[in-house]
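Every chain is numbered from 1, with letters handed out A, B, ... down the list of sequences.
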Protein chains: 2
Amino acid sequence: MEKLLNTFKVLSDETRVRLLVMLYHKKLCVCELCGVLGESQPKVSKHLAKLRDMGFVKDERQEQFIFYYLNMDNKMLNTILQEIVVNLGEYPTLAKDLQQLEGVEKFIQICEPK
Amino acid sequence: MEKLLNTFKVLSDETRVRLLVMLYHKKLCVCELCGVLGESQPKVSKHLAKLRDMGFVKDERQEQFIFYYLNMDNKMLNTILQEIVVNLGEYPTLAKDLQQLEGVEKFIQICEPK
DNA sequence: TACCAATATACGCATATGGGTATATCTATA
DNA sequence: TATAGATATACCCATATGCGTATATTGGTA
């Protein structure tokens with residue numbers, strides 16, 4: 001029950017929903033997330049820390065970059081994220097985020113080791 | 001997007017999750033809800049008011065009793081509640097609430113007009 | 001009309017939460 | 001070793017949120 005409530009609690013914040021939808025799509029590093037969200041690094045880091053500390057995402061350092069990816073163990077979270085993605089048309093902000101992500105992927109390689 | 005966030009916000013509180021799961025089951029009045037939850041009337045009323053004001057439930061007076069029932073328009077909420085009910089074994093508190101509800105239904109008729 | 005039951009809400013309080021600024025920490029490179 | 005870039009976190013602040021107690025409101029009945 002606590003895990004269920006925690007799932008809803010992390011989803012109660014717009015920034016964190018946006019983060020989770022993007023991480024549902026693929027593994028991303030902080031600078032990519034900041035870039036797409038258009039939010040400050042401390043803000044994004046804090047939200048990511050919360051997601052990590054509650055077990056919803058995991059992190060992984062690759063040199064100077066920290067990548068975050070979704071912990072797929074949470075069935076309810078997966079159900080919700082899938083529902084969101086299937087009905088992306090209803091959430092323009094989220095759709096735009098993912099669109100920006102595709103754009104980034106297409107033209108440049110961010111966070112690649114030099 | 002706001003509606004999505006509001007859905008998660010109302011679900012971030014245990015009392016409200018318990019209320020919504022019971023109301024997903026059937027229309028109920030405040031005294032029934034208080035009885036099953038084992039919570040105070042002001043507390044339950046306040047949560048119900050929030051659910052009503054945000055459009056998740058509707059109320060209906062029948063003499064001195066106020067019945068609440070779920071507004072089925074929210075697709076995400078329905079998906080979530082269904083997921084919870086299908087996996088009820090993972091949420092003992094919720095299972096116990098619904099069990100108590102069945103018990104009540106079986107033996108007495110609460111809130112019946114005299 | 002008075003009294004009672006069911007329920008909503010006002011008020012005050014304690015705790016939680018998100019966000020900005022500044023700074024600490026870690027890694028890469030010259 | 002010094003410098004720079006990426007990121008985490010400390011600190012402070014403002015606002016949101018849940019809860020209990022007390023009281024107001026509505027409907028039923030004698």
Side-chain angles (χ1 to χ4, degrees), chain A residues 1-2 5-20 22-23 27-54 56-69 104 108-114, chain B residues 1-2 5-20 22-23 27-54 56-69 104 108-114:
Chain A
M1 186 68 172
E2 191 182 321
L5 284 170
N6 283 342
T7 303
F8 299 136
K9 280 173 184 167
V10 295
L11 288 165
S12 308
D13 177 77
E14 180 174 335
T15 304
R16 286 201 295 271
V17 170
R18 292 172 75 186
L19 286 171
L20 286 166
M22 287 199 282
L23 294 174
K27 181 203 283 195
L28 292 160
C29 80
V30 182
C31 61
E32 283 172 306
L33 292 164
C34 291
V36 173
L37 289 193
E39 298 280 0
S40 72
Q41 177 268 315
K43 179 176 176 176
V44 172
S45 273
K46 249 189 286 196
H47 283 300
L48 288 169
K50 183 156 190 155
L51 293 172
R52 182 196 60 229
D53 294 345
M54 289 175 101
F56 295 106
V57 303
K58 297 183 183 181
D59 61 0
E60 165 180 301
R61 180 180 277 276
Q62 284 174 24
E63 291 152 328
Q64 69 267 48
F65 303 105
I66 312 283
F67 281 81
Y68 284 80
Y69 58 99
V104 169
I108 30 176
Q109 295 293 325
I110 307 193
C111 316
E112 285 295 337
K114 319 280 171 69
Chain B
M1 186 66 172
E2 191 182 324
L5 285 170
N6 283 341
T7 303
F8 299 136
K9 280 171 184 168
V10 296
L11 288 165
S12 308
D13 177 77
E14 181 176 333
T15 303
R16 286 202 296 272
V17 169
R18 291 172 76 186
L19 285 171
L20 286 166
M22 285 199 283
L23 294 173
K27 182 202 283 193
L28 292 160
C29 80
V30 182
C31 62
E32 283 172 308
L33 292 164
C34 292
V36 172
L37 289 193
E39 297 280 0
S40 71
Q41 177 266 317
K43 178 175 178 176
V44 172
S45 273
K46 250 189 286 196
H47 283 299
L48 288 168
K50 183 156 190 155
L51 292 171
R52 181 195 62 229
D53 294 344
M54 288 175 103
F56 295 105
V57 303
K58 297 183 182 182
D59 62 0
E60 166 181 302
R61 179 180 276 275
Q62 282 174 26
E63 289 148 331
Q64 70 266 50
F65 304 105
I66 313 283
F67 281 82
Y68 284 80
Y69 59 99
V104 169
I108 30 176
Q109 294 292 327
I110 309 193
C111 316
E112 286 295 338
K114 317 276 172 74

For [X] and [N], what is the distance between atoms [atom1] and [atom2] respectively, to the nearest whole Å?
| X | N | atom1 | atom2 | answer |
| --- | --- | --- | --- | --- |
| Leu33(B) | dA8(C) | CG | P | 10 Å |
| Leu28(A) | dT7(D) | CG | P | 11 Å |
| Phe65(B) | dG28(D) | CZ | P | 10 Å |
| Phe8(A) | dT17(D) | CZ | P | 17 Å |
| Ile66(A) | dT27(C) | CD1 | P | 8 Å |
| Met54(A) | dA16(C) | CE | P | 13 Å |
| Gln64(A) | dT27(C) | CD | P | 10 Å |
| Glu60(B) | dA6(C) | CD | P | 19 Å |

Quiz item: Which nucleotides of nucleotides 18-25 of chain C have their base under 4.0 Å from a protein heavy atom (B), which only their sugar-phosphate (S), and which neither (-), written as one string 5' to 3'?
Solution: SBBBB---
Quiz item: Would Glu14(A) and Arg18(A) satisfy side chain to side chain contact (heavy atoms under 4.5 Å, CB included), going step by step from the backbone distance to the final call?
Solution: CA-CA 6 Å; Glu14(A) 180 174 335; Arg18(A) 292 172 75 186; 3.9 Å; yes
Quiz prompt | Candidate nucleotides dT7(C), dT9(D), dT7(D), ranked by approach to the side chain of Cys29(A) - the nearest | solution =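 Between dT7(C), dT9(D), dT7(D), the one nearest the side chain of Cys29(A) would be dT7(D).
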Quiz prompt | Glu63(A) side-chain proximity, nearest of dT9(D), dA28(C), dT7(C) | solution =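 Minimum distance to the Glu63(A) side chain belongs to dA28(C).
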Quiz item: Step by step, would you call Leu23(A) with Leu48(A) a side chain to side chain contact (heavy atoms under 4.5 Å, CB included)?
Solution: CA-CA 11 Å; Leu23(A) 294 174; Leu48(A) 288 169; 4.2 Å; yes
Exercise. Run the numbers on Leu19(B) and Leu28(B) for side chain to side chain contact (heavy atoms under 4.5 Å, CB included), then give the verdict.
Key: CA-CA 10 Å; Leu19(B) 285 171; Leu28(B) 292 160; over 6 Å; no
Quiz prompt | Side-chain heavy-atom pair Tyr69(A), Phe67(A) within 4.5 angstrom cut-off | solution =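 No; the side chains remain at least 4.5 Å from each other.
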Quiz item: Nearest 0.5 Å, what's the CG-CG distance between Asp13(A) and Leu20(A)?
Solution: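 Asp13(A) atom CG to Leu20(A) atom CG measures 10.0 Å (nearest 0.5 Å).
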Quiz item: Taking only side-chain nitrogens and oxygens of Tyr68(A), does any of them come within less than 4.0 Å of OP1 or OP2 of dA6(D)?
Solution: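 It does not, given that no N or O in the side chain of Tyr68(A) lies less than 4.0 Å from OP1 or OP2 of dA6(D).
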Practice problem: List the steps and the verdict of side chain to side chain contact (heavy atoms under 4.5 Å, CB included) for Met22(B) and Glu32(B). | Solution: CA-CA 10 Å; Met22(B) 285 199 283; Glu32(B) 283 172 308; over 6 Å; no
Quiz prompt | Identified side-chain hydrogen bond (donor to acceptor under 3.5 Å, both in side chains) counterpart of Ser45(A) within the set Lys43(A), His47(A), Gln41(A) | solution =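 The single option meeting the side-chain hydrogen bond (donor to acceptor under 3.5 Å, both in side chains) with Ser45(A) is Gln41(A).
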